Undergrad: 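After the structure tokens below, expect a handful of questions from me.
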2 protein chains.
Amino acid sequence: MKLRCLDCAHTFPPTLRYACAACGGILEVVGESGLEPPPGLPAGMWRHAARLGVTDPAAIVSLGEGETPLLRAPRIERALPDFEGEIWLKDETRNPSGSFKDRAISAGISKAIELGARGVVCASSGNAGASVAAYAARAGMGAIIIVPAHTPDGKVTQIAAHGAVLLKVPGHYSRSYDLAAALAERHGYANLTTTFINPWAVDGLKLVGPEIRAQLGGRVPDMVLIPTGSGPLVEGVARGFAGAARPPRLVAVQAEGCAPIVRAFEEGAEAVTAWGMPDTIASGISDPLIGYERDGTRTLRLVRRSGGTAVAVSDDALRAAMRLLARGEGLYAEPTGASPIAALPRLLAEGLVPRGAVVVCLITGHGFKDGRAYQEMPARIHAVPAPDDLAAVARLCDAALAEKE
Amino acid sequence: MKLRCLDCAHTFPPTLRYACAACGGILEVVGESGLEPPPGLPAGMWRHAARLGVTDPAAIVSLGEGETPLLRAPRIERALPDFEGEIWLKDETRNPSGSFKDRAISAGISKAIELGARGVVCASSGNAGASVAAYAARAGMGAIIIVPAHTPDGKVTQIAAHGAVLLKVPGHYSRSYDLAAALAERHGYANLTTTFINPWAVDGLKLVGPEIRAQLGGRVPDMVLIPTGSGPLVEGVARGFAGAARPPRLVAVQAEGCAPIVRAFEEGAEAVTAWGMPDTIASGISDPLIGYERDGTRTLRLVRRSGGTAVAVSDDALRAAMRLLARGEGLYAEPTGASPIAALPRLLAEGLVPRGAVVVCLITGHGFKDGRAYQEMPARIHAVPAPDDLAAVARLCDAALAEKE
């Protein structure tokens with residue numbers, strides 16, 4: 001195994017390294033450990049330990065991440081006019097800390113431990129921080145998590161519960177990013193920020209693809225829709241389907257209020273430029289990429305190479321998607337997690353979904369993470385001060401059940 | 001398959017029936033469907049469809065519940081003075097709606113659909129309601145959920161998100177219970193309240209036992225600690241280990257502020273009597289049993305028959321257990337979910353845990369469900385108004401990391 005620069009192809013030994021020493025480019029893990037799945041681990045992605053980068057089984061920190069359910073979405077299919085095909089939901093909310101980040105963090109922290117790290121740092125919009133806090137607790141390591149001051153309460157509470165040192169930084173996510181890199185160096189901690197900065201963490205995302213394929217009975221989907229901040233999950237899915245005869249087209253979904261990759265895609269640009277002022281309810285993908293625009297450019301290339309596209313969705317479309325998921329399919333997702341569902345009508349309207357297509361939507365984060373988004377929606381909550389008046393309560397229920405939503 | 005009264009052994013055909021028509025006793029499911037696991041379902045407990053009560057595969061509503069991880073708890077083991085043995089955590093927070101209730105509700109709603117129910121009703125302290133709301137949404141059925149007015153916001157938001165009609169009733173849980181039974185009858189809906197009232201739902205809990213056994217490599221644990229309201233989960237675990245050469249001793253854990261079963265156990269009483277005024281942060285087991293005291297009596301008998309015990313824990317012990325789980329093991333549990341950990345020191349002090357014992361703690365509900373309980377704890381959250389002053393931030397981190405907790 002080694003690390004290799006995506007830009008200049010320089011290679012480096014398998015250490016904790018966050019950029020190419022020759023050109024500053026993004027590093028990727030080349031090779032796989034071949035490790036026998038160690039006994040005693042909970043079920044989940046480490047069943048495929050051989051494909052990941054950890055060579056010392058004692059270093060593995062697992063809470064049973066990965067191997068999440070893939071659910072058919074019949075009501076979403078019917079809600080889309082003229083859709084013919086299959087919509088599947090890859091339910092990443094079912095990971096230990098409630099988001100797909102657990103895949104990256106389990107892989108990244110395990111490799112960091114193998115390589116001697118004493119603690120971990122992570123800049124996060126919330127979900128990666130919650131994941132790092134949980135896995136650091138499990139590993140008994142110190143953790144410093146840096147989040148924007150406006151991070152939803154549900155995520156802040158979760159991070160603090162695991163005992164991490166939590167720093168709230170004013171302004172957008174990119175300011176947290178810089179501080180994390182500096183603190184990691186200063187403290188001798190591993191940087192587990194889930195942009196493209198930690199190649200071992202990014203590598204942990206690649207098992208999503210093989211899982212989907214196995215769950216589809218060996219079929220490769222035609223399209224995979226991916227909530228996208230800087231885009232390591234796009235990289236993970238691309239890697240996971242590498243070698244398939246016809247890999248899926250990858251669709252990067254961003255919020256209209258923070259869409260640097262979509263903007264570059266639509267302009268036909270070669271490179272992604274930073275976004276000025278993020279403004280969206282989708283905190284998980286609210287990443288302006290300031291200072292690491294190259295991550296967005298990497299994602300842009302992956303999307304283009306796959307024959308896919310990049311689309312931005314409005315906050316209203318996100319809310320409608322959350323409702324459709326929760327009320328139609330029984331899945332409770334945070335705004336970011338529902339973004340692929342919000343993107344579907346656009347893709348259909350633009351003729352980008354072929355007849356009979358098998359479409360997989362990655363539902364990346366749990367609704368618990370950001371309850372506020374739901375609390376602001378209309379709901380059928382009724383106070384019943386006199387529950388003994390059964391006739392009155394029954395009438396109330398009849399009326400509520402009949403309500404046009 | 002049939003339903004049989006636990007008290008008078010009268011039997012009934014497999015229909016929607018909530019009490020023995022002869023004597024009013026609790027009904028149990030006798031027999032198993034033998035159903036081949038239907039293709040196309042997500043991984044989880046329906047892999048063992050043959051052992052459950054549903055005979056029509058088209059009626060099954062699944063979000064991929066059950067088959068939750070079993071995690072060793074080394075830091076909890078070390079935190080217990082003089083403990084020698086193994087502590088394992090059965091992480092039921094990983095179910096679709098964040099609690100073990102999904103097992104019961106998936107089984108119960110599926111059978112209700114098979115038997116022609118048009119909708120579902122559930123009285124709940126929050127978790128069962130959230131589960132019913134999610135599964136009813138998945139099934140496309142109407143749902144009426146009745147909760148006490150003081151139910152934590154996280155649970156209320158989740159129930160409402162899935163589009164259920166949510167009634168908030170003043171006072172304790174038992175008032176919701178009566179109203180649910182009345183509304184189910186009036187609307188022709190199935191009652192999925194997760195006391196002992198719905199035998200098909202209770203029957204869905206029995207797979208916890210075989211899962212634990214498989215995860216322990218075929219070993220049967222010596223003790224299983226179970227957060228206990230009325231106690232269907234105690235019944236589920238007992239059934240799951242029925243037939244083992246040496247079934248585990250079952251420990252019913254209640255909160256000091258609502259402990260009707262513990263009180264009866266300690267008094268050596270034959271029957272459980274209702275609790276007057278519940279007062280605990282453990283909303284999930286805050287059930288005074290008013291009007292269905294027989295459920296508590298059933299649980300009391302199961303505990304005694306197993307050679308186990310019943311213990312009550314204080315709110316302070318619950319908070320300490322939540323911290324130990326979250327900071328020591330990386331698990332984020334609501335107060336009820338942490339109650340088995342809170343009970344461990346008491347059991348050890350009373351000499352009830354033999355040397356070398358294999359102890360399984362059921363961690364029943366997710367911390368997301370009740371973030372308030374964590375928000376009130378001390379945490380290491382720091383606002384960093386000037387992130388560019390790296391030296392100052394690094395000093396802050398050093399101090400925070402060194403803090404004696």
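Fair warning: this is a prediction, and the values are worked out from it, not measured in the lab. Protein chains get the first letters and strands the later ones, always in sequence-line order, with residue 1 at the start of each.
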Undergrad: Quick one about Trp46(B) and Glu65(B) (side-chain donor to acceptor, distance below 3.5 Å, no hydrogens or angles considered), yes or no?
TA: yes
Undergrad: Hey, which of Gly154(B), Ala394(B), Gly40(B) has the most heavy atom pairs under 4.5 Å with chain A?
TA: Ala394(B)
Undergrad: Tell me, side chain or backbone of Ala386(B) under 4.5 Å from chain A's heavy atoms, or both, or neither?
TA: neither
Undergrad: If you count heavy-atom pairs within less than 4.5 Å of chain B, which of His187(A), Arg94(A), Glu329(A) leads?
TA: Arg94(A)
Undergrad: So which part of Pro385(A) gets closer than 4.5 Å to some heavy atom of chain B, the side chain, the backbone, both or neither?
TA: backbone
Undergrad: Report which part of Leu396(A) has an atom under 4.5 Å of a heavy atom belonging to chain B: side chain, backbone, both, or neither.
TA: side chain
Undergrad: Less than 4.5 Å to any heavy atom of chain B: does that hold for the side chain of Arg75(A), its backbone, both, or neither?
TA: side chain
Undergrad: Measure distances from Ile144(B) to the heavy atoms of chain A and classify the residue's part below 4.5 Å as side chain, backbone, both or neither.
TA: side chain
Undergrad: Before accepting this row, confirm whether a basic side-chain N of the pair Glu67(A)/Arg47(A) lies closer than 4.0 Å to the acidic partner's carboxylate O.
TA: yes
Undergrad: Which atoms of Ala143(A) are under 4.5 Å from chain B, going by heavy atoms: the side chain, the backbone, both sets, or neither?
TA: backbone
Undergrad: If you count heavy-atom pairs within less than 4.5 Å of chain A, which of Met377(B), His366(B), Arg72(B) leads?
TA: Arg72(B)
Undergrad: Between the side chain of Tyr177(B) and the main-chain N/O of Gly291(B), is any donor-acceptor distance below 3.5 Å?
TA: no
Undergrad: Looking at chain B, which one of Ala161(A), Pro69(A), Ala160(A), Ala182(A) has the largest number of heavy-atom pairs inside 4.5 Å, strictly under?
TA: Ala161(A)
Undergrad: Under a plain distance cut-off of 3.5 Å, with no hydrogens placed, do Asn127(B) and Glu334(B) share a side-chain donor-acceptor pair?
TA: yes
Undergrad: Can a donor-acceptor pair be found, under 3.5 Å and without considering hydrogens, that links the side chain of Arg372(A) to the backbone of Pro152(A)?
TA: no
Undergrad: Can you check whether Leu325(B) reaches Ile363(B) side chain to side chain, under 4.5 Å on heavy atoms?
TA: yes
Undergrad: Specify which of Pro74(B), Ser62(B), Ala137(B), Gly140(B) makes the most heavy-atom pairs with chain A at under 4.5 Å.
TA: Ala137(B)
Undergrad: Output the option from Thr157(B), Asp153(B), Leu179(B), Val61(B) having the highest count of non-hydrogen pairs under 4.5 Å with chain A.
TA: Thr157(B)
Undergrad: Answer yes or no: is there a side-chain heavy-atom contact under 4.5 Å between Ile381(B) and Lys168(A)?
TA: yes
Undergrad: With a 4.5 angstrom heavy-atom cut-off, could you sort out which part of Ala130(A) is near chain B: side chain, backbone, both or neither?
TA: neither
Undergrad: How would you list, by chain and number, every residue that makes a side-chain contact (heavy atoms from CB on, under 4.5 Å) with Ala392(A), sequence neighbours excluded?
TA: Asp389(A), Arg395(A)
Undergrad: Under 4.5 Å, counting heavy-atom pairs only, tell me which of Leu331(A), Leu70(A), Val147(A) racks up the most with chain B.
TA: Leu331(A)
Undergrad: Counting heavy-atom pairs closer than 4.5 Å to chain A, which one of Ile159(B), Asn95(B), Val156(B) comes out on top?
TA: Asn95(B)
Undergrad: Measure distances from Ala43(A) to the heavy atoms of chain B and classify the residue's part below 4.5 Å as side chain, backbone, both or neither.
TA: neither
Undergrad: Is it the backbone or the side chain of Ser97(A) that comes under 4.5 Å from a heavy atom of chain B, or both, or neither?
TA: backbone
Undergrad: Of the backbone (N, CA, C, O) and the side chain (C-beta and beyond), which part of Ala391(A) lies under 4.5 Å from a heavy atom of chain B, both, or neither?
TA: both
Undergrad: Which bit of Ser176(A) comes within less than 4.5 Å of chain B, counting heavy atoms only: side chain, backbone, both or neither?
TA: neither
Undergrad: Under the 3.5 angstrom rule, does the side chain of Arg138(A) hit a backbone N or O of Gly328(B) as a donor-acceptor pair?
TA: no
Undergrad: Name the region of Asp398(A), side chain, backbone, both or neither, that has any atom closer than 4.5 Å to a heavy atom of chain B.
TA: both
Undergrad: Could you look at His382(A) and say if it's the side chain, the backbone, both or neither that has a heavy atom under 4.5 Å from chain B?
TA: both
Undergrad: For the atom pair OG (Ser106(A)) and CE (Met45(A)), what is the distance rounded to the nearest 0.5 Å?
TA: 4.0 Å
Undergrad: Pick from Gln375(B), Arg175(B), Gln158(B), Arg186(B): which one has the most heavy-atom pairs with chain A under 4.5 Å?
TA: Gln158(B)
Undergrad: What distance separates Met322(B) CE from Ile341(B) CD1, expressed to the nearest 0.5 Å?
TA: 12.5 Å
Undergrad: When the ring planes of Phe368(B) and Tyr332(B) are compared, do they come out parallel, tilted or perpendicular, using 30° and 60° as the limits?
TA: perpendicular
Undergrad: How about Thr68(A) and Lys90(A): does a side-chain donor come under 3.5 Å of a side-chain acceptor?
TA: yes
Undergrad: Please confirm whether the backbone N or O of Tyr189(B) pairs with a side-chain atom of Arg118(B), one donor and one acceptor, at under 3.5 Å?
TA: no
Undergrad: For chain B, which of Ala134(A), Gly119(A), Ala133(A) has the most heavy-atom pairs under 4.5 Å?
TA: Ala134(A)
